[in-house]
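Report on the following structure.
Chain naming here is simple, since letters A, B, ... match the order of the sequence lines and numbering starts at 1 in each.
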Amino acid sequence: MAWTNEDVSRQLAEIAALLRLRGEDPFKVRAYERAAGVIAATPVDLAELSPEEIARLKGIGRSSARRIDEYRRTGRIDMLERLRADVPAGVAELARVPGLGPKTARLLHAELGLSGLDDLRAALEQGRLRGLAGLGEKTEQNLRRALERMGAKDDDRVPAADALPVAEELCARLAALPAAGRVAYAGSLRRLRETVGDIDLLVASDQPAPVMAALRDDSLTVRVLAAGEKKTSVLTVRGLQADLRVVEPAAWGAALVYFTGSKAHNVRVRERAVRRGLTLNEYGLFDRVTGGRVAGRTEEEVYAALGMAFVPAPMREDAGEVQAAADGVLPDVVTAADVLGDLHGHTDWSGDGKASMQDMLGAARRRGDRYWAVTDHAENLVMNGLSRERMVAQRGAIERLRGGLSGLTVLHGAELNIGADGELDYDREFLLGFDFCVASVHTLMHRPREEQTRRIVAAMEHPAVNVIGHPVGRIIGRRPGYDIDVEVIVEAAARTGTALEVNASPRRLDLSGRMVRRAVEAGATVAISCDAHSLGDLGNRVYGVATAQRGWARAADVLNCRDVDGLRDFVAAKR
DNA sequence: GCCGTTTTCGGCCCGACTGTTTTCAGTCG
């Protein structure tokens, strides 16, 4: 039976959702939600913990511990089974409609016998909602539109990579307004979750009205969903909702904390504020007695006034960061400034590279990189790979370029292909002639877990392999990736002195933040790599850094935060 | 249901917007 943190977390979250639909005590609902969050965020595999250790996790009380233990022993939770039997599936489906909550879903089921979206659609057509208490014409209209929107999309979340360009464009347009001060996108996009449900925009300004109007009238806006004095919501192109808040500059930091979330992080921080006689909202941190504003202008100021270390946005997931920041033990995570170079990049020597070696290296140097590894595809990748002869020729070409690239050390490497049993391109002697090698899976992506894990571990055993590229092979929103045993992979990485890549492409983010956290806890090293195929890809590093931050990685955990000598030591240690 | 440098009981984060209400409930984030 599957027995992972994710499984258990899903069970608890479903209990919470069903309790909410039943209209139970909201605090009980929240308790189960929190328990689900705690389990999901626990970096240690639940299967390795005793029931006593699980019960000691903060947020897991007697009830949740009992349910978890029941699930471990029997594979089911009686309470959940009973809730499922008790709450009609149709009610849960109705509550998925935006704007339609538990109360209305229950009402529609009880009064009209509606069960699911098709029923709701039919009832709207027949005008059967008329006369129900609290449901007027506008509500009907809103429900119709919500149903239309749901029908047009199969999922209400989109890959962050799809939302980033829209968010950045909207920020640029708002920033150009005379009334606008600072402008930022916040929410799950700023935390760089893999997928996002909407775009949260924040503007500092003393004149909210023209800023709100600009978003309503923007060419990217399809429809206005809500428009108040302090908040505007619109539907943008691509079906993405954008929420805009405008606050006075003195509240910028508090608003950014509030709007960045996560919700669970905010609740945790606000509870801390209350215990200290303060109250935190989007307008600032206030003294509960005098009402005076204690902090609010910057995020740093808000956290400091709460006696906490600053928490980088990607870490704000209520995964233990609030307590750690309060106790002064929050790890000093890697920042973009710590990263000194890139260890995985392509040029037009490979079939899929879009820019010349000279252009790529020149751009890297201008960005301030101290080193850059040219790692074009190796020969076994038939479409794009370089033969042994071409590799030798490329090495010569790098020699000739070196004079014009003062300050940038160029490493000659390759992106090797991991074969069915972990075998690699070329031969051992030739491989050891490279400065640095990445090895990645490009074929046979559907092998069973054990086999897939074994071949990657076999590649890690090779003395010439320094990094495993995109270890999971997923494309967010498109394909799930290879089935691997993450625990075995991170252990092998630590043991063999092989780094695991954090591929910075927002379409990949691979390793994920969660896996990064497991890797660094196991003592493995990670490498933040752009895997650039074009000049534009060089700008992706920030997303790799954010993902490493989500995984609580310090600069010391990141291979390309070392200087060239440190890098060469890492390579030499394996040979 | 969870938790305790106020507490083993009595609290539990905070605010915006809409619609249908003559003062607030529902929903959302």
**Q.** Main-chain N/O of A/Arg66 paired to A/Asp69 side chain as donor or acceptor, under 3.5 Å
**A.**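 Checking the backbone N and O of A/Arg66 against the side chain of A/Asp69, no donor-acceptor pair under 3.5 Å is found.
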Expressed in angstrom and rounded to an integer, what is the separation of [X] atom [atom1] from [N] atom [atom2]?
X        : N      : atom1 : atom2 : value
A/Asn142 : B/dG19 : CG    : C1'   : 9 Å
A/Lys58  : B/dG1  : NZ    : C1'   : 15 Å
A/Leu18  : B/dG1  : CG    : P     : 15 Å
A/Arg145 : B/dG19 : CZ    : P     : 10 Å
A/Glu33  : B/dG29 : CD    : P     : 13 Å

**Q.** Separation of the C1' atoms in B/dG15 and B/dC9, to the nearest angstrom
**A.**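 Their C1' atoms lie roughly 29 Å apart.
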**Q.** Candidate nucleotides B/dC13, B/dA16, B/dG1, ranked by approach to the side chain of A/Arg245 - the nearest
**A.**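 The nucleotide sitting nearest to the side chain is B/dA16.
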Q. To the side chain of A/Thr104, which of B/dG26, B/dC17, B/dC12 is closest?
A.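 The nucleotide sitting nearest to the side chain is B/dG26.
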Q: Taking all non-hydrogen atoms of both residues into account, name the closest pair between A/Gln11 and A/Ile77 and its distance.
A: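 Taking A/Gln11 first and A/Ile77 second, the nearest heavy atoms are CB-CD1, 3.9 Å.
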Q. Does a sphere of radius 6.0 Å around CG in A/Asp78 hold more than 12 heavy atoms from other residues, nucleotides or ligands, not counting ones at 6.0 Å or beyond?
A.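 Yes, the 6.0 Å shell around CG holds more than 12 heavy atoms from other groups.
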Q: Answer yes or no: does a side-chain N or O of A/Tyr258 lie under 4.0 Å from OP1 or OP2 of B/dC28?
A: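 Answer is no, no contact under 4.0 Å.
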(Q) Any side-chain N or O of A/Asn281 below 4.0 angstrom from OP1/OP2 of B/dG15? (A)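 For A/Asn281, the contact criterion (side-chain N or O under 4.0 Å from OP1 or OP2 of B/dG15) is met.
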Q. Counting any heavy atom closer than 4.0 Å, what does A/Arg288 reach on the DNA or RNA strands: base, sugar-phosphate only, or nothing?
A.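 If one applies the 4.0 Å heavy-atom cut-off, A/Arg288 turns out to touch the sugar-phosphate alone, with no base involved.
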Q: Report which part of the nucleic acid A/Ala227 touches: base, sugar-phosphate, or nothing (heavy-atom distance under 4.0 Å, all strands).
A: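 Here A/Ala227 touches the backbone only, sparing every base.
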Listed pairs under 3.5 Å, donor-acceptor, residues 249-259 of chain A side chains, sequence neighbours left out:
| residue | atom | partner | partner atom | Å |
| --- | --- | --- | --- | --- |
| A/Tyr258 | OH | A/Arg245 | NH1 | 3.4 |

